[in-house]
Protein chains: 2
Amino acid sequence: MIMSQSKKIRPTESELEILQVLWEHGPSTVRFVNDQLNEDREVGYTTTLKLMQIMAEKGLAERDTSQRTHIYSPAVTEAETQQNLLTQFVDRTFKGSAMKLVMQALGNHNASEAELDEIKALIEEIETEGRRKNK
Amino acid sequence: MIMSQSKKIRPTESELEILQVLWEHGPSTVRFVNDQLNEDREVGYTTTLKLMQIMAEKGLAERDTSQRTHIYSPAVTEAETQQNLLTQFVDRTFKGSAMKLVMQALGNHNASEAELDEIKALIEEIETEGRRKNK
DNA sequence: AGCTTTTTACGAAATACTTCGTAGACAAAG
DNA sequence: CTTTGTCTACGAAGTATTTCGTAAAAAGCT
């Protein structure tokens with residue numbers, strides 16, 4: 001199995017906001033990211049710049065500096081980042097019980113019929129998988 | 001509907017660790033909580049004391065100061081705290097989609113057959129509830 | 001060319017959170 | 001009574017994160 005990242009990906013809250021923009025829109029300039037963030041809340045341009053520079057240092061983002069205006073790309077995928085944050089969150093808040101988390105999330109959410117069906121399908125899949133592997 | 005807490009409950013990571021002890025063991029002294037924490041990692045006594053004092057100020061805990069050794073009790077329930085943290089986490093990490101979170105949590109399954117059955121039962125319940133309300 | 005705007009770099013202030021040292025009160029033990 | 005230990009209070013240092021001001025370089029404009 002290829003491990004593209006040996007270290008744990010742990011973006012801070014602000015870094016995560018920026019990653020969301022990069023994941024959604026792809027490679028972007030600081031200006032663009034800052035504009036996106038400012039649709040939700042006021043953030044100074046240099047604040048965003050600094051954060052993105054730090055993210056590049058940390059390896060959360062990569063940047064193309066061949067032009068005067070640098071282009072930043074996410075260096076981690078959304079799925080792996082979510083997985084890491086989720087694991088950490090479950091450990092902290094639900095003492096490691098992913099099931100408790102699922103129950104709580106399901107219980108308090110207005111899930112549509114379609115969504116519930118989706119989950120049921122997934123459960124089916126997991127169960128089948130389990131039997132096949134004789135787990 | 002009675003709102004026991006108008007403000008959002010947002011314990012920090014350290015505060016959450018302490019709350020876990022209080023939820024599990026009920027009203028406790030600083031000494032007891034500190035001993036519990038030290039089973040996992042080294043923490044100074046005054047560190048725990050300070051945190052618990054802050055928690056009392058913030059309203060996360062209550063304390064009985066009638067004796068020299070104060071007794072601290074949780075002032076928030078485990079369920080409501082988990083719910084608040086969960087909502088916040090889903091917003092941040094899954095852009096508000098609880099379903100994505102559930103799918104991801106389930107997908108990384110170490111779920112046992114029994115746990116999956118539990119979830120299926122919960123889904124059944126939600127679906128029945130939904131039909132009853134003709135939602 | 002001269003002025004304005006945009007961008008990066010740098011550093012430091014501001015904020016949030018965690019940790020601990022020290023002091024004083026009180027209690028327990030000898 | 002004196003010594004030793006435990007507890008609270010307080011403040012401040014340490015660390016992580018966020019925010020921004022300023023400067024210099026590059027680009028755009030008139």
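Predicted model only: the values in this text are computed from it and were never measured. Here is the naming used below: chain letters follow the sequence lines, and residue numbers restart at 1 for every chain.
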A.B. asks: Over how many whole Å does the gap from A:Met55 atom CE to C:dT8 atom C1' extend?
C.D. replies: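 It works out to 17 Å between those atoms.
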
A.B. asks: With side-chain contact (heavy atoms from CB on, under 4.5 Å) as the test, pick out the partner of B:Tyr72 among B:Glu62, B:Gln53, B:Met55.
C.D. replies: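 So the option named by the test is B:Gln53.
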
A.B. asks: Between atom CD in A:Gln67 and atom C1' in C:dT6, what is the gap in whole Å?
C.D. replies: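 Result: 15 Å.
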
A.B. asks: Give each protein N/O atom lying under 3.5 Å from an N/O atom of nucleotides 15-18 of chain C, with the pair distance.
C.D. replies:
unit_1 : atom_1 : unit_2  : atom_2 : d
C:dT18 : OP1    : B:Ser14 : N      : 3.3
C:dT18 : OP1    : B:Ser14 : OG     : 2.9
C:dT18 : OP2    : B:Thr12 : OG1    : 2.7
C:dT18 : O5'    : B:Ser14 : OG     : 3.4

A.B. asks: Taking the side chain of B:Leu49 as its heavy atoms from C-beta onward, which of D:dC7, C:dT8, D:dT8 lies nearest to it?
C.D. replies: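 Nearest to the side-chain atoms of B:Leu49, counting from C-beta on, is D:dT8.
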
A.B. asks: Specify the separation, in whole Å, of atom OH of A:Tyr72 and atom C1' of C:dA9.
C.D. replies: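 Those two atoms, OH and C1', are 10 Å apart.
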
A.B. asks: Under 4.0 Å from OP1 or OP2 of C:dT19: is there any side-chain N or O of B:Tyr45 that close?
C.D. replies: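 Negative; the distance criterion is not met.
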
A.B. asks: In this structure, how many angstroms lie between the P atom of C:dT19 and the CD atom of B:Glu17, rounded?
C.D. replies: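 Whole-Å distance recorded here is 8 Å.
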
A.B. asks: Looking only at atom types and distance, does a side-chain atom of A:Trp23 sit under 3.5 Å from a main-chain N or O of A:Val76, one as donor and one as acceptor?
C.D. replies: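 Pair found, side chain donor or acceptor close to backbone of A:Val76.
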
A.B. asks: Give the angle between the helix axes at the two ends of the helix from C:dA1-D:dT30 to C:dG30-D:dC1, taking five base pairs at each end and rounding to 10°.
C.D. replies: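 The helix from C:dA1-D:dT30 to C:dG30-D:dC1 shows an end-to-end axis angle of 10°.
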
A.B. asks: Rounding to an integer number of Å, can you tell me how far B:Gln53 CD sits from D:dG11 C1'?
C.D. replies: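 Whole-Å distance recorded here is 12 Å.
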
A.B. asks: For A:Gly44 and B:Ile71, take the nucleotide of DNA chain D holding the closest heavy atom to each; which residue's nucleotide lies nearer the 5' end?
C.D. replies: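 By nearest-heavy-atom nucleotide position, the 5'-most residue is B:Ile71.
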
A.B. asks: Kindly state each residue pair satisfying salt bridge (Lys or Arg N to Asp or Glu O under 4.0 Å) with at least one member in residues 30-43 of chain A, sequence neighbours excluded.
C.D. replies: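 Listed by first then second residue: A:Glu17-A:Arg41.
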
A.B. asks: Between A:Val43 and A:Asn34, what is the shortest heavy-atom contact and its length?
C.D. replies: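 Nearest heavy atoms, A:Val43 then A:Asn34: O-ND2, 3.4 Å.
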
A.B. asks: Please determine whether a side-chain nitrogen of the Lys or Arg among B:Lys95 and A:Glu24 lies less than 4.0 Å from a carboxylate oxygen of the Asp or Glu.
C.D. replies: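 A salt bridge is absent here (no side-chain N lies under 4.0 Å from a carboxylate O).
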
A.B. asks: Can you tell me the distance, in whole Å, between the CE atom of B:Met52 and the P atom of D:dA9?
C.D. replies: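 After rounding, the reported distance stands at 12 Å.
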
A.B. asks: Restricting both atoms to N or O, compile the protein contacts to nucleotides 25-30 of chain D shorter than 3.5 Å, with distance only.
C.D. replies:
none

A.B. asks: Under the ring pair (Phe, Tyr, Trp, His ring centres under 6.0 Å) test, which residues partner B:Tyr45, sequence neighbours left out?
C.D. replies: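 Scan of B:Tyr45 (ring pair (Phe, Tyr, Trp, His ring centres under 6.0 Å), adjacent residues dropped) gives none.
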
A.B. asks: Could you state the interatomic distance from CD1 (B:Ile123) to CD1 (A:Ile123), rounded to the nearest 0.5 Å?
C.D. replies: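 B:Ile123 atom CD1 to A:Ile123 atom CD1 measures 4.5 Å (nearest 0.5 Å).
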
A.B. asks: Would you say A:Met52 and A:Ile54 are hydrophobically clustered, going by side-chain heavy atoms of ILVMFWY under 4.5 Å?
C.D. replies: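 Unlinked, A:Met52 and A:Ile54 end up in two clusters.
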
A.B. asks: Would you kindly give the CG-to-C1' distance between B:Leu37 and C:dC20, to the nearest whole Å?
C.D. replies: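 The distance from CG of B:Leu37 to C1' of C:dC20 comes to 15 Å, rounded to the nearest Å.
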
A.B. asks: C:dA27 P sits how many Å from B:His70 NE2, rounded?
C.D. replies: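 Answer to the nearest Å: 12 Å.
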
A.B. asks: Under the side-chain contact (heavy atoms from CB on, under 4.5 Å) rule, collect the residues that match up with A:Leu122, sequence neighbours excluded.
C.D. replies: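 For A:Leu122, the residues satisfying side-chain contact (heavy atoms from CB on, under 4.5 Å) (neighbours in sequence not counted) are A:Ile126, B:Met103, B:Leu106.
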
A.B. asks: Which nucleotide sits closest to the side chain of A:Thr46: D:dG21, C:dT6, D:dA9?
C.D. replies: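 Among the listed nucleotides, the one closest to the side chain of A:Thr46 is D:dG21.
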
A.B. asks: Distance from A:Asp64 atom CG to A:Thr29 atom OG1, nearest 0.5 Å?
C.D. replies: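 The OG1 atom of A:Thr29 is 12.0 Å from CG of A:Asp64, to the nearest 0.5 Å.
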
A.B. asks: After noting the C-alpha distance and the side-chain angles of A:Lys100 and B:Glu78, does the key distance pass the salt bridge (charged side-chain N to carboxylate O under 4.0 Å, His left out) rule?
C.D. replies: CA-CA 12 Å; A:Lys100 276 188 195 146; B:Glu78 183 168 18; 5.9 Å; no

A.B. asks: If you compare all heavy atoms of B:Ala98 against all heavy atoms of B:Val90, which two are closest, and at what distance to 0.1 Å?
C.D. replies: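 Closest heavy-atom pair between B:Ala98 and B:Val90: N-CG1, 3.6 Å.
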
